[in-house]
Number of protein chains: 2
Amino acid sequence: MSASRVTIKDVAKLAQVSIATVSNVINGTGRVSPETQRKVEQAIGQLDFAPSASARNLKDKKSSLIAVVVPLLEKGRLQDNPFYWHLVRGIEESARGVKLHVILVGIGPDETFSFVREQHLDGLIFVGAFARTELVESMLRLGVPCVFMDSLVDDPSFYQVALDDELGGYIGTKHLLSLGHERIALLTGVLLEGGVNYCRWQGYRRALEEAGVPYRPELVYEEPTSSLGGYRAASRIGAKTGGITAVFALSDMAAIGLVKGLHDLGIVVPRDISVVGFDDDERARYCIPALTTVRQDIVEKGRTAVRLLTAQLEREPLAERRVTLGVELVPRQSTAPPSR
Amino acid sequence: MSASRVTIKDVAKLAQVSIATVSNVINGTGRVSPETQRKVEQAIGQLDFAPSASARNLKDKKSSLIAVVVPLLEKGRLQDNPFYWHLVRGIEESARGVKLHVILVGIGPDETFSFVREQHLDGLIFVGAFARTELVESMLRLGVPCVFMDSLVDDPSFYQVALDDELGGYIGTKHLLSLGHERIALLTGVLLEGGVNYCRWQGYRRALEEAGVPYRPELVYEEPTSSLGGYRAASRIGAKTGGITAVFALSDMAAIGLVKGLHDLGIVVPRDISVVGFDDDERARYCIPALTTVRQDIVEKGRTAVRLLTAQLEREPLAERRVTLGVELVPRQSTAPPSR
DNA sequence: CGAGAAAATGAAAGCGTATTCTATCGAAGG
DNA sequence: CCTTCGATAGAATACGCTTTCATTTTCTCG
């Protein structure tokens, strides 16, 4: 079978030095003469030695591991929004740059976070609205660096990366208003106070108010954030009775489903109804018609989270613990002035 | 600051037993009287003790960690195909079920795999065509269980999960043939011998051959597997000169870009040109027109990979080390008989 | 050339767990 | 009542590394 693991001892023996010296060479600590260094390095190369992370972690109480914690849907399923891939790859790319590995973990409503302590995780990135406040608090109490993304918390002592959701809601709505729309429906996921949809909804209201257009609660459609949710909402939104001429969907997924649903009903976008999405998912550009949307840079969001994490790991004081990323309206073909 | 870590010693002291007994209680090993067990469990609960994975790993030379290894694009970027999310979540969901954690790692063309040994990884899932054969071989030599997904290797001793790509290529093409198309273009990513596109291409050829339609190399368009790649191919494919009436795109991403590109050229799908995609990405259903495509279950692919991995970890002999998942044609609205 | 300083190296002690081996205790058997 | 055995509990050790501290070697300069 495979020979037993090569240890620092084997290296020391081969290089005819002590294990402490080998350790020093590896970590660049202490003082080592160039000649010894060379000998050791050669021995390492020859034996193809790789220091055991477990042993090192045991000593240092670190792990070079950070976890991306994503809330689970029903039945232990992870969110199926491919959006998450961009987030995760942004995180992985940055983490790799600072020699951290990323472990992906779905967390259910009644699971324990014991693995965090078991694994000596160096940090956590919580994605999405976390209701499990007791758990989160216990993490913070343990002194494990945490970053919250799109979270509900409003505590300035928390490290957070968020999007200027209110502004996003505002500019999307404003775009439709400036085209001349007044009966603008809002297609949103669940409106949880403090959550992303909630903030966007606030921006929607602000835009309406500024334009002197009355806010009508009956134009707010709360549906699951998915293409299917959007598709299903189409029939209700498209009903002539509402007189709706534009819809602001708070995710591209929902917007795409909506457009499809409207299309299947014979309602043409943007001629009959204008649609604005949110995210600027890659597919938005390739829709027919191409989707006007509010752009956010998800990969950048992931990178920012890692930056906030490493700032904590390295005890860098940060001017602002909460980073709010910008949004941008991307006008395409799914919006047009209302037809008379 | 936070009190120093709770160890098994503290538990032992509180429960007034030895650490060995505590260890036995935790792992269900040895023989422990019910009363002692209760005492220990209470102490664990009281101290909120979580055993150190590092220490355990050091002892056991395990880590309960598996890595999903994804080849990097240029500049350390991870693949941006959201497709990967479904794969990764399939893996995570299954891994969680068997108490394994998933670490995501992008691997570049000249990076070393040292982290695999450093972290004592229990297993690896290689995704995509891996050219780094030396590295892979060194992993196998180390005895680290590996599973290859969509790989180039054709060695039956390797654990692999693949798709019946040849059949996928066949049924997609056959569908178009049966509608009456003859000049069927193939829009593919890079054709690497043994790779997924290559197999699908073989299926395409077989279908043509069976139908007595001559294979024309000039109808094969090798473009990057992306929406942009598809979009760019549109002008060449749509040129009247080719007389192309149908296109089989080997990914939904490319198909969607293609449809958009054709649309922008005033070419209507499926009236002027039929399009078939591959994957059955969620978005395929919500396209306008909804995309006919060859369906594969990516989440299942991830689950299967974990199954193959755990089979190795538990030394279960497996009848077949290579699992080939099926494909299925999903007819939708992007295909129709050719117009005269 | 020798004393003291600086540089290089090595010995040893943990880090927190699993595990083997020994010791103890109570009960069953003679 | 003593022996023997099974059931439990505990002491000791190893896992591979980092790190402090002491020790040895080399260098510098009076």
Side-chain angles (χ1 to χ4, degrees), chain A residues 2-41 43-44 47-64 114-122 142, chain B residues 2-41 43-44 47-64 114-122 142:
Chain A
S2 61
S4 77
R5 193 190 166 77
V6 175
T7 79
I8 201 173
K9 267 187 190 164
D10 304 317
V11 176
K13 195 181 297 173
L14 181 60
Q16 305 189 32
V17 296
S18 76
I19 58 170
T21 302
V22 176
S23 178
N24 282 332
V25 169
I26 292 171
N27 302 300
T29 52
R31 316 199 61 79
V32 179
S33 72
E35 195 202 354
T36 309
Q37 167 138 4
R38 202 193 45 70
K39 268 198 311 188
V40 171
E41 276 167 354
I44 290 177
L47 295 173
D48 196 20
F49 166 74
S52 154
S54 303
R56 185 179 303 190
N57 295 343
L58 176 56
K59 187 108 219 342
D60 300 353
K61 309 187 176 189
K62 307 243 155 149
S63 66
S64 303
S114 61
F115 73 93
V116 173
R117 281 172 305 150
E118 288 177 7
Q119 298 280 355
H120 288 291
L121 291 185
D122 286 359
L142 280 169
Chain B
S2 62
S4 78
R5 196 190 164 76
V6 174
T7 81
I8 200 174
K9 268 187 190 164
D10 303 318
V11 176
K13 193 182 297 171
L14 180 60
Q16 304 188 37
V17 297
S18 77
I19 59 169
T21 303
V22 176
S23 178
N24 281 334
V25 170
I26 292 172
N27 302 299
T29 53
R31 316 203 58 79
V32 180
S33 70
E35 194 203 353
T36 309
Q37 167 136 4
R38 202 194 45 70
K39 269 198 311 186
V40 171
E41 274 166 355
I44 289 177
L47 295 172
D48 195 20
F49 165 73
S52 154
S54 303
R56 187 183 312 213
N57 295 344
L58 176 57
K59 190 101 205 13
D60 300 352
K61 309 188 177 190
K62 306 237 160 150
S63 67
S64 303
S114 60
F115 74 92
V116 173
R117 282 172 305 148
E118 288 176 8
Q119 299 280 355
H120 289 291
L121 291 187
D122 286 359
L142 280 168

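In what follows, chains carry the letters A, B, and so on, assigned in the order in which the sequence lines appear, proteins first and then strands, with residues in each chain numbered from 1.
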Close side-chain approach of B:Ile26 and B:Ile44, heavy atoms under 4.5 Å
yes

Tell me the interatomic distance from B:Asn24, atom CG, to C:dT22, atom P, rounded to whole angstroms.
17 Å

Do A:Gln37 and A:Glu41 have side-chain heavy atoms sitting under 4.5 Å apart?
yes

Value in whole Å for how far the P atom of D:dT19 lies from CD1 of A:Ile8:
11 Å

Would you say that A:Ser52 contacts B:Glu118 through its side chain, given a criterion of any heavy-atom pair below 4.5 Å between the two side chains?
no

For B:Ile19, report the nucleic acid contact type (base, sugar-phosphate, nothing); a contact means any heavy atom under 4.0 Å.
base

B:Thr7, nearest nucleotide to its side chain (from C:dG16, C:dA18, D:dC17):
C:dG16

Under 4.0 Å from OP1 or OP2 of D:dA11: is there any side-chain N or O of B:Ser18 that close?
no

Return no unless some side-chain N or O of B:Lys61 is found under 4.0 Å from OP1 or OP2 of D:dG16.
yes

Given atom NE2 of B:His120 and atom P of C:dT17, what is their separation to the nearest angstrom?
17 Å

Side chain of B:Thr21 only, please: which of D:dG10, D:dG16, C:dG10 is the nearest?
D:dG10

Sub-4.5 Å side-chain heavy-atom contact between A:Gln119 and A:Asn57:
no

note: B:Lys59, atom NZ; D:dA12, atom P; distance rounded to Å ~ 17 Å

Contacting residues from residues 27-37 of chain A, given that a heavy atom lies under 4.0 angstrom of DNA chain C
A:Arg31, A:Val32, A:Ser33, A:Thr36

Spell out, as yes or no, whether a donor-acceptor pair under 3.5 Å connects the side chain of A:Ser63 to the backbone of A:His120.
yes

Could you give me the CA-CA distance, side-chain angles and deciding distance for A:Asp10 and A:Leu14, then say whether side-chain contact (heavy atoms from CB on, under 4.5 Å) is met?
CA-CA 6 Å; A:Asp10 304 317; A:Leu14 181 60; over 6 Å; no

Indicate yes or no for a side-chain donor-acceptor contact from B:Asp122 to the backbone of B:Lys62 under 3.5 Å, with no hydrogens or angles considered.
no

Could you check how far CD of A:Gln119 sits from P of C:dG16, rounded to whole Å?
16 Å

Spacing of B:Lys9 atom NZ relative to C:dC15 atom P, expressed in whole Å
7 Å

Heavy atoms under 4.0 Å, any strand shown: does B:Asp60 hit a base, just sugar-phosphate, or nothing?
sugar-phosphate

Using whole Å, report how far NZ of B:Lys62 lies from P of C:dA18.
14 Å

Tell me whether the side-chain N/O atoms of A:Ser23 come closer than 4.0 Å to OP1 or OP2 in D:dT18.
yes

note: A:Arg38, atom CZ; C:dA8, atom C1'; distance rounded to Å ~ 16 Å

